[in-house]
Protein chains: 2
Amino acid sequence: MARPREFDTDQAIDRAMNLFWRRGYAATSLQDLTAELGIGSGSLYAAFGSKEKLYARALERYCSRDAGALIAALESATDVRSALRTALHAMAEADLREPERGCFLVNAATERSADSATVDRVGGTLRLVEGTIAGALERAQARGDLSAGKDPAELARFLTTFIQGMRVVGKARVDRAFLESAVSGALSVLD
Amino acid sequence: MARPREFDTDQAIDRAMNLFWRRGYAATSLQDLTAELGIGSGSLYAAFGSKEKLYARALERYCSRDAGALIAALESATDVRSALRTALHAMAEADLREPERGCFLVNAATERSADSATVDRVGGTLRLVEGTIAGALERAQARGDLSAGKDPAELARFLTTFIQGMRVVGKARVDRAFLESAVSGALSVLD
DNA sequence: GCCGTTCTTGATGCTTCAGTCCATAACCAT
DNA sequence: ATGGTTATGGACTGAAGCATCAAGAACGGC
């Protein structure tokens with residue numbers, strides 16, 4: 001019935017996500033985008049509408065993929081403590097390997113705090129992570145793996161906040177010892 | 001001997017700092033700057049050299065002023081725990097009042113992680129904060145205000161990281177309850 | 001094989017960007 | 001008061017920004 005699209009939309013969003021993730025919104029130009037996606041600007045606009053909308057799609061992708069992975073790991077975990085430890089260490093390693101990346105959520109929250117769509121998406125995802133951690137801690141408590149005196153809701157908020165901090169200091173090129181100390185300090189609240 | 005400068009350099013840096021702080025580097029144009037500082041672009045370039053250099057001066061100002069205040073508060077404190085609590089609550093209040101601001105250090109680290117001058121300055125300031133907290137905790141430990149089993153160095157790294165996280169979630173418009181829970185969770189590591 | 005539809009490319013438009021330059025103004029030492 | 005010197009402000013430059021558009025290409029249905 002009509003000419004089919006030559007590029008894969010999902011793959012294009014992935015590539016845009018990687019670009020926005022590394023460079024941020026303002027520092028990523030349309031030229032950068034069309035070069036990376038391998039399409040002309042006309043195609044880009046026909047498919048996504050605007051730079052802002054493409055950014056929103058990229059952020060959405062990140063939330064469902066990366067935050068989704070954390071959530072899935074916590075929900076399937078039998079040992080919350082070690083699941084958290086594993087996740088935090090993985091983040092530390094990622095930051096040491098590619099410090100210019102960091103966490104797209106954090107980058108989005110800080111660079112685009114004037115854009116309510118971005119802020120809402122970030123806030124929602126943080127809430128989701130908070131809820132997942134809280135749920136996991138409640139299950140641990142019910143099982144006796146977490147002292148009855150602890151407050152899962154409070155710990156979840158604290159841990160969610162700490163995670164964001166990790167991604168910030170990771171961008172400041174601190175060394176492995178710093179990040180690992182920070183992680184053990186944070187996890188000590190569970191004891 | 002020659003015509004004197006009509007504007008105050010320090011005040012100009014302060015105003016530039018406020019602008020960069022709220023909008024970030026890329027989203028602040030020279031027009032924004034000249035309008036806010038009340039000077040022509042010629043004067044701006046004669047005094048500061050370039051947008052990047054002005055940004056560096058602004059960041060430096062922030063580090064010595066805001067991080068300096070935290071450091072001074074911790075060094076003069078007799079009760080580290082309550083000094084930390086006060087500082088963290090003040091940050092939470094600032095984030096609730098002006099979420100688009102956040103922490104300039106965090107914004108700089110995330111937006112300009114490709115610029116080594118920025119990264120170095122941020123990293124150095126984090127190290128300074130870390131060292132100050134560690135020192136305060138050591139003194140508390142010597143005085144018997146902190147359990148001997150705790151590791152001041154580890155706690156300092158953890159708390160420094162947590163503080164950065166606070167400033168991120170603060171930008172995501174979480175509510176007061178969230179921030180206060182997070183703070184009490186973090187402070188519980190000192191017990 | 002032709003038509004209507006949708007896609008692709010890249011030239012184009014118009015705005016905004018960072019940074020420079022110049023004519024003028026303000027100062028101080030003499 | 002005059003001259004040497006430096007600051008001022010805004011017009012200006014060239015580059016780069018985002019977004020649109022037109023001409024043609026690739027498809028499916030008939």
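Below, chain A is the first sequence line, B the second, and so on; all start at residue 1. Since the model is a prediction, treat every value here as computed from it, not as a measurement.
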Contact class for B:Phe48 vs. all strands (heavy atom < 4.0 Å): base, sugar-phosphate, or nothing?
nothing
Base, sugar-phosphate, or nothing: which does A:Thr34 touch, judged by heavy atoms less than 4.0 Å apart?
nothing
[N] [atom2] sits how many Å from [X] [atom1], rounded?
| X | N | atom1 | atom2 | answer |
| --- | --- | --- | --- | --- |
| B:Glu6 | D:dG10 | CD | P | 12 Å |
| B:Phe7 | C:dA25 | CZ | P | 20 Å |
| B:Leu44 | C:dT20 | CG | P | 12 Å |
| A:Ile39 | C:dT6 | CD1 | C1' | 15 Å |
| A:Leu33 | D:dA16 | CG | C1' | 14 Å |
| B:Tyr25 | C:dC17 | OH | C1' | 11 Å |
| B:Lys51 | C:dT20 | NZ | P | 14 Å |

Phosphate OP1/OP2 of D:dG17 contacted by A:Gln31 side-chain N/O (<4.0 Å):
yes
If you compare every side-chain N and O of A:Ser29 against the phosphate oxygens of D:dA16 (OP1, OP2), does one of them come in below 4.0 Å?
no
Ignoring hydrogens and angles, state whether a donor on the side chain of A:Ser29 or A:Asp32 is under 3.5 Å from an acceptor on the partner side chain.
yes
Would you mind telling me which of C:dT9, D:dT8, C:dA18 lies closest to the side-chain atoms of B:Leu30?
C:dA18
Donor-acceptor check, side chain of B:Lys171 to backbone of A:Thr110, threshold 3.5 angstrom: yes or no?
yes
Stacked cation flag B:Arg127 on A:Phe178, 6.0 angstrom / 45 deg
no
Quick one: is the NZ or CZ of B:Arg65 closer than 6.0 Å to the six-membered ring centre of B:Phe104, and within 45° of its axis?
no
Taking only N/O atoms, report every protein-nucleotides 20-22 of chain D pair under 3.5 Å with atom names and distance.
unit_1, atom_1, unit_2, atom_2, d
D:dT20, O4, A:Ser41, OG, 3.0

Step by step, would you call B:Ser41 with B:Thr34 a side chain to side chain donor-acceptor pair (under 3.5 Å)?
CA-CA 6 Å; B:Ser41 56; B:Thr34 54; over 6 Å; no
Taking donor-acceptor contacts at under 3.5 Å, does the side chain of B:Arg3 reach the base of C:dC27?
no
N/O donor-acceptor pair, side chain B:Arg5 with base D:dA7, under 3.5 angstrom:
no
Are any of the side-chain nitrogens in B:Arg22 or B:Glu100 under 4.0 Å away from the carboxylate oxygens of its partner?
no
Electrostatic pair B:Arg112-B:Glu52, nearest N-O below 4.0 angstrom
yes
Start at the 5' end of DNA chain C and walk down; is the nucleotide closest to B:Pro4 or to A:Ala46 reached first?
A:Ala46
